[in-house]
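Here the structure comes first, spelled out in structure tokens, and everything after it is commentary.
In this chain, residues are counted from 1 in sequence order. Every heavy atom of this structure was used, including side-chain atoms; hydrogens, water molecules and symmetry mates were not. In this text, all values refer to a predicted model and were calculated from it rather than measured experimentally.
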Amino acid sequence: MPRDAGTNAFLVSLYKSVSDKGEFWFGLHDQRVEGSFEWVDGSALGTYNSWAPGEPNNRWDWGSENCVLYSPIKSDKWNDAECHCPYRFICQAVPGRPQVTIGTPTTTTD
């Protein structure tokens, strides 16, 4: 959850060290209330953001861009997108474990 410029810069450098070819999800969304972005822990976005120019725009499918990602197409700035898109992700780990994990989403069925 990049709540400040330093953390945001660290996460951008981290994802660029792994891949410069695609977007990466991180823990910000407006799924509960359209236009009211919050972190996955339920806290409000706050004063810091790194939106690309014109974002968030909720462009596709009349209001279905509810999750946020880093976009190399938009100069590594934040972009809202449809949550179901299969991009990589950056997750914060539980204390006592590695600080950051990068991976590719998977789907499982029971």
Roughly how far, to the nearest 0.5 Å, is OG1 of Thr47 from CG of Asp4? 9.5 Å

From OG (Ser64) to NE2 (His84), nearest 0.5 Å: 6.0 Å

Using side-chain contact (heavy atoms from CB on, under 4.5 Å), reason through Glu65 and Asn57 one step at a time and then give a plain yes or no. CA-CA 8 Å; Glu65 288 191 330; Asn57 63 7; 2.9 Å; yes

Going by the angle between their ring planes, with limits at 30° and 60°, are Trp25 and Tyr87 parallel, tilted or perpendicular? tilted

Residues Asn8 and Tyr70: side-chain donor-acceptor under 3.5 angstrom: yes

How close do Asp30 and Gly35 get, counting heavy atoms only, and between which atoms? OD2-N, 2.8 Å

Close side-chain approach of Asn66 and Asp80, heavy atoms under 4.5 Å: no

Worked verdict on Glu38 versus Arg32 for salt bridge (Lys or Arg N to Asp or Glu O under 4.0 Å): CA-CA 9 Å; Glu38 63 183 46; Arg32 195 164 23 169; 2.8 Å; yes

Are Trp78 and Pro2 side-chain neighbours, meaning at least one heavy-atom pair lies under 4.5 Å? yes

Closest approach of Phe10 to Ser13 (non-hydrogen atoms, all atoms of both residues): O-OG, 2.8 Å

Could you measure the distance from the OG1 atom of Thr7 to the CG atom of Leu14? Nearest 0.5 Å is fine. 12.0 Å

Nearest 0.5 Å please: distance from the CG atom of Leu69 over to the SG atom of Cys83. 9.5 Å

For Phe37 and Trp51, I'd like to know if the aromatic rings sit close, meaning centre-to-centre distance below 6.0 Å. yes

Worked check of side-chain contact (heavy atoms from CB on, under 4.5 Å) between Ser71 and Lys77: CA-CA 6 Å; Ser71 176; Lys77 297 292 187 178; over 6 Å; no

Are the side chains of Val40 and Met1 in touch, meaning some heavy atoms are under 4.5 Å apart? yes

Hey, could you give me the CG/NE2 distance between Leu45 and His29, rounded to the nearest 0.5 Å? 11.0 Å

With a 6.0 Å cut-off on ring centres, are Phe89 and Phe24 close enough? no

Heavy atoms only: give me the nearest Arg3-Trp39 pair and the separation to one decimal. NH1-CD1, 3.5 Å

For the residue pair Asn58 and Glu34, confirm or rule out a side-chain donor-acceptor distance under 3.5 Å. yes

Determine, for Glu55 against Lys74, whether the closest basic-nitrogen to carboxylate-oxygen distance falls under 4.0 angstrom. yes

With rounding to the nearest 0.5 angstrom, report the CG to SG distance, Asn79 to Cys67. 11.5 Å

